[in-house]
Amino acid sequence: MTFSDTELLLIVLLALVVLAGLWLWMRRRQSEALRDRFGPEYDRTVHAVGDERKAETLLAEREKRVSAYTIKPLAPEMRDHFVETWRQVQAQFVDDPNYAVTRADDLLGEVMRARGYPMSDFDHRAEDLSVDHPEVVQNYRRAHDIALRHSRREASTEDLRTAMIHYRTLFDDLVNEPELHAGQQFRERYRHG
């Protein structure tokens, strides 16, 4: 069976349309997976970058970077230590809100380090946390912003109270993970199958 030039051209065009449709479908699935995976962090990153494709590339790179870390749950005695330390910090807020907010931020760093997160600058830490804790990393950013305003003497005691609440949300998420977090489950599922 031989095809005319017109038939061959139509076959090639049809194949190109099918390939383009397949590419668009895969692209949309990848976008949906990242949106589901990162939640509010997806929108924040798209807004910050100003381009959806660039933001998705950054999120995928972030995910790949964090997958190389050895993030582990806390041993029960370490978890108990951190919970008790948090109680002390929280109690200190009444007498010295400035100290309590500073200590809460430091304590979160200790918990992250104990879990296996590398400790670098704040933005890098927040990005790393967003992979496994996309819902609460916003709290960490808000608390950090308040702490920065406080260092410039622009934050009230009520602002510091709000920072403590935001820090507490992330603290609870980091210390109360008995099993693999959703992000780790996601990586494990795609690593093994």
Side-chain angles (χ1 to χ4, degrees), residues 37-49 58-59 62-63 65-187:
R37 170 91 182 77
F38 281 93
E41 181 67 9
Y42 178 92
D43 295 329
R44 191 200 71 75
T45 305
V46 169
H47 179 72
V49 173
L58 289 174
L59 291 171
R62 188 184 302 180
E63 204 169 31
R65 179 181 71 228
V66 172
S67 72
Y69 302 160
T70 304
I71 307 298
K72 57 194 176 290
L74 296 171
E77 59 278 353
M78 184 64 85
R79 181 193 173 285
D80 292 345
H81 163 75
F82 285 132
V83 168
E84 180 54 34
T85 303
W86 179 266
R87 284 188 192 119
Q88 293 169 6
V89 169
Q90 199 166 333
Q92 187 67 36
F93 185 83
V94 173
D95 296 326
D96 192 351
N98 301 327
Y99 167 80
V101 168
T102 301
R103 182 64 184 112
D105 186 56
D106 291 344
L107 182 58
L108 276 169
E110 293 170 27
V111 172
M112 286 182 250
R113 196 173 302 108
R115 296 281 317 272
Y117 288 97
M119 298 308 293
S120 55
D121 64 273
F122 171 79
D123 290 327
H124 195 86
R125 284 191 317 263
E127 288 175 359
D128 288 349
L129 284 170
S130 75
V131 173
D132 292 329
H133 305 273
E135 298 297 327
V136 296
V137 73
Q138 307 305 330
N139 293 320
Y140 188 43
R141 285 192 176 99
R142 288 182 195 117
H144 181 73
D145 288 343
I146 292 169
L148 289 176
R149 286 190 5 242
H150 174 64
S151 70
R152 297 186 305 264
R153 303 197 185 286
E154 298 171 358
S156 67
T157 302
E158 182 60 25
D159 293 330
L160 297 177
R161 186 187 70 75
T162 301
M164 288 294 290
I165 291 169
H166 289 314
Y167 281 140
R168 176 63 190 247
T169 304
L170 177 59
F171 178 83
D172 285 344
D173 208 48
L174 285 170
V175 299
N176 294 312
E177 284 190 300
E179 298 176 22
L180 288 178
H181 195 277
Q184 291 165 305
Q185 291 171 355
F186 180 85
R187 287 196 304 274

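Computed from heavy atoms alone, side chains included, the values below leave out hydrogens, waters and symmetry copies. Residue numbers run from 1 in the order of the sequence given.
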(message) Just verifying a value: how many Å separate Leu58 CG and Arg65 CZ, rounded to the nearest 0.5 Å?
(response) 9.5 Å
(message) So for atom CZ, which belongs to Phe122, do other residues, nucleotides or ligands contribute more than 12 heavy atoms lying within a distance under 6.0 Å?
(response) yes
(message) What verdict does the side chain to side chain contact (heavy atoms under 4.5 Å, CB included) test give for Arg44 and Gln138, after you've listed the backbone C-alpha separation in whole Å, the side-chain angles of each residue and the deciding distance to 0.1 Å?
(response) CA-CA 9 Å; Arg44 191 200 71 75; Gln138 307 305 330; 3.6 Å; yes
(request) Decide yes or no on salt bridge (charged side-chain N to carboxylate O under 4.0 Å, His left out) for Asp172 and Arg168, but give the supporting numbers first. (result) CA-CA 6 Å; Asp172 285 344; Arg168 176 63 190 247; 2.8 Å; yes
(request) Taking the side chain as every heavy atom from C-beta outward, state whether Leu74 and His81 have any pair of such atoms under 4.5 Å apart. (result) no
(request) To the nearest 0.5 angstrom, please state how far the CG atom of Asp123 sits from the CG atom of Asp128. (result) 11.0 Å
(request) Measure the shortest side-chain to side-chain distance between Phe38 and Thr45 over non-hydrogen atoms and say whether it is less than 4.5 angstrom. (result) no
(request) For residues Val89 and Ala100, report the shortest heavy-atom separation together with the two atoms involved. (result) CG1-O, 3.4 Å
(request) Could you check if a side-chain atom of Leu174 sits within less than 4.5 angstrom of a side-chain atom of Tyr140, using non-hydrogen atoms only? (result) no
(message) Can you tell me how far apart CZ (Phe82) and CZ (Arg115) are? Round to the nearest 0.5 Å.
(response) 10.5 Å
(request) Quick one: pull up CG in Leu107 and CE in Met112 and give me the separation to the nearest 0.5 Å. (result) 9.5 Å
(request) Give the minimum heavy-atom separation between Ile146 and Ala155, together with the two atoms involved. (result) O-CB, 3.9 Å
(message) With a 3.5 Å distance limit and no angle check, can you tell me whether Arg62 reaches the backbone of Leu129 through a side-chain donor-acceptor pair?
(response) no
(message) Please find the pair of heavy atoms, one from Met164 and one from Ala104, that lie closest to each other, and give the distance.
(response) SD-CB, 3.7 Å
(message) When you compare the side chain of Asp145 with that of Arg149, does any pair of heavy atoms fall below 4.5 Å?
(response) no
(message) How long is the straight-line distance from CZ of Phe171 back to CG of Asn139, given to the nearest 0.5 Å?
(response) 14.5 Å
(request) Please report the closest heavy-atom contact between Ala143 and Ala163, naming both atoms and the distance. (result) CB-O, 3.6 Å
(message) I'd like to know if Glu110 pairs up with Arg113 as an ion pair, taking the criterion as any Lys NZ or Arg NE/NH1/NH2 lying under 4.0 Å from an Asp or Glu carboxylate oxygen.
(response) no
(request) Identify the heavy atoms of Pro40 and Pro134 that sit nearest to each other, and give their distance. (result) CG-O, 3.9 Å
(request) Enter the distance from Asp80:CG to Thr85:OG1 here, rounded to the nearest 0.5 Å. (result) 10.5 Å
(message) Counting C-beta onward and ignoring hydrogens, is there a side-chain heavy-atom pair between Val131 and Arg37 closer than 4.5 Å?
(response) yes
(request) Kindly say whether His166 contributes a backbone atom to a donor-acceptor pair with the side chain of Arg142 at under 3.5 angstrom? (result) no
(request) Might you work through the side chain to side chain contact (heavy atoms under 4.5 Å, CB included) test for Leu148 and Arg152, ending with a clear yes or no? (result) CA-CA 7 Å; Leu148 289 176; Arg152 297 186 305 264; 3.9 Å; yes
(request) Could you tell me which non-hydrogen atom of Gly109 sits nearest to which non-hydrogen atom of Met119, and how far apart they are? (result) CA-CE, 3.5 Å
(request) Examine the side chains of His150 and Asp159 and answer whether a donor and an acceptor come within less than 3.5 Å of each other. (result) no
